Amino acid sequence: MMEKNAKIYVAGHRGMVGSAIVRALKNQGYTNIITRTSKELDLRRQIDVEEFFAKEKPDYVFLAAAKVGGILANNEAPADFMYDNMILEMNVIHEAYKNKVKKLMFLGSSCIYPRMAPQPMKEDCLLTSELEKTNEAYALAKISGLKYCEYLNRQYNTDFISVMPTNLYGPNDNYHPEHSHVLPALIRRFHEAKENNLNEVVIWGTGTPLREFLYVDDLADACVYLMNTYSGNETVNLGTGKELSIKELAELVKKVVGFKGNITFDTTKPDGTPRKLLNVSKLEKLGWKYKTELEDGIKLAYEDFLNNDMRAER
């Protein structure tokens, strides 16, 4: 168990995941949380990371920092995604090991699993067949971080664990028109359509692909829970075990936002993977289950969108 006054470093505290982990820690009475913005500490610079760890000597580390983006960004800049993610995670994990951090949690992403993995995807399907080409660079970097944690555990008896979240949403999400993921993008589209009195919203694809969504504060709760209860070399899937179609998701967002027009599907546009559901039986056996139902979570996310000027601007 993490002591309440232990020094806890949350890397990536300004992102959606990192900020949720900081909230969860504070809510649970942890008082000694340290953070650095990317301007204060560039995790890609080995010497800077070495100096930070030598000076601060954190007891625990949550590694939620990453360079992220949607399909478009991943496709256009695979070299950047690979380099930035590989280098920052190796620097942080290596320094955590060198400075005898008691425990580290590495946050991956469900895109690490094979493109045609049997559904729902279990932790042991990792590296059993080829990856989805559109985010292969990011996935390879994340797999390397996960494996490095495993190898350090084996070779040096560290207690470094990794978790693989499903699609996330909630406060501090990215609502950028081109660079956001499906749920925040829909919130923005329906909101703007409502504001401009449009009579339809056009959505890419057929609306049939199935997706799973986890509210980010539930994710953070699971992260703190596992940091206190789980040790092992195999990763842990973090999700709800529930899925719905993009069409159903669009209807739900439309309802929450209060858009009165129609939804049209542009079937000339690509759909992406037909199904991406995590098997969460391991997580549930470990004693954790999600709390926030999707419609309630979308209401909270929409509230965040409306009240967060930075997020809502173009």
Side-chain angles (χ1 to χ4, degrees), residues 2 4 6-38 43 58 60-69 85 88-89 92 103-111 142 145 161-176 180-185 187 211-230 235-240 242 278 280 283 286 288-308 310-312:
M2 292 187 291
K4 294 294 182 192
K7 191 182 262 193
I8 303 170
Y9 170 44
V10 180
H13 74 287
R14 280 189 160 175
M16 177 169 62
V17 171
S19 60
I21 290 172
V22 171
R23 279 196 300 279
L25 288 167
K26 285 180 174 168
N27 289 342
Q28 293 181 41
Y30 293 95
T31 53
N32 194 0
I33 301 162
I34 50 172
T35 57
R36 290 289 185 279
T37 64
S38 51
L43 295 176
Y60 299 95
V61 174
F62 288 89
L63 178 42
K67 180 186 177 78
V68 294
N85 284 300
L88 77 80
E89 67 197 26
V92 173
K103 191 163 189 170
L104 173 143
M105 174 179 281
F106 173 63
L107 282 105
S109 156
S110 58
C111 74
K142 285 294 185 187
I161 61 174
S162 66
V163 294
M164 295 299 132
T166 186
N167 300 303
L168 302 168
Y169 70 100
N172 285 329
D173 209 337
N174 171 12
Y175 300 96
H176 188 282
S180 59
H181 292 106
V182 61
L183 207 160
I187 288 176
R211 292 292 180 269
E212 174 187 22
F213 298 92
L214 179 65
Y215 189 61
V216 73
D217 286 283
D218 283 3
L219 164 91
D221 184 65
C223 287
V224 176
Y225 177 80
L226 291 174
M227 196 69 155
N228 280 323
T229 57
Y230 176 72
T235 190
V236 183
N237 286 339
L238 302 187
T240 61
K242 286 182 170 178
L278 291 181
V280 292
L283 177 65
L286 291 166
W288 189 91
K289 199 172 187 328
Y290 81 99
K291 298 175 187 68
T292 311
E293 292 299 347
L294 190 54
E295 189 171 337
D296 299 331
I298 293 172
K299 283 176 187 162
L300 293 165
Y302 185 44
E303 215 170 286
D304 173 64
F305 172 80
L306 293 175
N307 297 327
N308 193 330
M310 236 177 68
R311 298 287 165 186

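Every value quoted in this text rests on a predicted model; they were computed, and no experiment measured them.
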Please examine the side chains of Met2 and Ile8, heavy atoms only from C-beta on, and report whether any two atoms are closer than 4.5 Å. yes

Taking the side chain as everything from C-beta on, heavy atoms only, tell me whether Leu286 gets closer than 4.5 Å to Leu226. yes

Look only at the side chain of Asp218 and the backbone of Tyr290, and say whether a donor-acceptor pair between them is shorter than 3.5 Å. no

Indicate yes or no: does Asp221 engage Lys291 in a salt bridge with an N to O separation below 4.0 Å. yes

When you measure from the centre of the six-membered ring of Tyr60, is the NZ or CZ of Lys103 under 6.0 Å away and within 45° of the axis? no

Would you give the length of the straight line joining atom CZ of Arg211 to atom CZ of Phe213, rounded to the nearest 0.5 angstrom? 7.5 Å

Is the shortest heavy-atom distance from the side chain of Leu25 to the side chain of Phe62 under 4.5 Å? yes

Taking only residues two or more places apart in sequence, or in another chain, which ones meet Arg36 in a salt bridge (charged side-chain N to carboxylate O under 4.0 Å, His left out)? Glu56

Would you give the length of the straight line joining atom NZ of Lys289 to atom CG of Leu283, rounded to the nearest 0.5 angstrom? 9.5 Å

Once you round to the nearest 0.5 Å, how far does CD1 of Ile161 lie from OG1 of Thr229? 7.5 Å

Quick test of your reading of the model: are Glu293 and Lys242 salt-bridged, counting only N-O distances below 4.0 Å? yes

Using side-chain heavy atoms (C-beta onward) and a distance below 4.5 Å, is Leu300 in contact with Asp304? no

Say you draw a straight line from OG1 of Thr31 to CD1 of Ile33; how long is it, rounded to the nearest 0.5 Å? 8.0 Å

Considering only heavy atoms from C-beta outward, does the side chain of Val17 approach that of Leu107 to under 4.5 Å? yes

CD1-NZ distance between Ile34 and Lys7, expressed to the nearest 0.5 angstrom: 5.0 Å

Output yes when a side-chain donor or acceptor of Asp173 lies under 3.5 Å from a complementary backbone atom of Pro184, and no otherwise. no

Rounded distance [0.5 Å steps], CZ in Arg14 versus OG in Ser19: 11.0 Å

Is the side chain of Thr235 donor-acceptor paired with the backbone N or O of Ser162 at a distance under 3.5 Å, no angle test? yes

Could you list the residues that satisfy side chain to side chain contact (heavy atoms under 4.5 Å, CB included) with Ala301, not counting sequence neighbours? Tyr169, Tyr175, Ile187

Listed partners of Lys26 passing salt bridge (charged side-chain N to carboxylate O under 4.0 Å, His left out), at least two apart: none

Using a 4.5 Å cut-off on heavy atoms from C-beta on, say whether the side chain of Trp288 contacts that of Val280. no

Sub-3.5 Å donor-acceptor pair from the side chain of Glu212 to the main-chain atoms of Leu278, do we have one? yes

Say whether, by atom type as modelled, one donor and one acceptor occur between the side chain of Lys142 and the main chain of Met164 under 3.5 angstrom. no

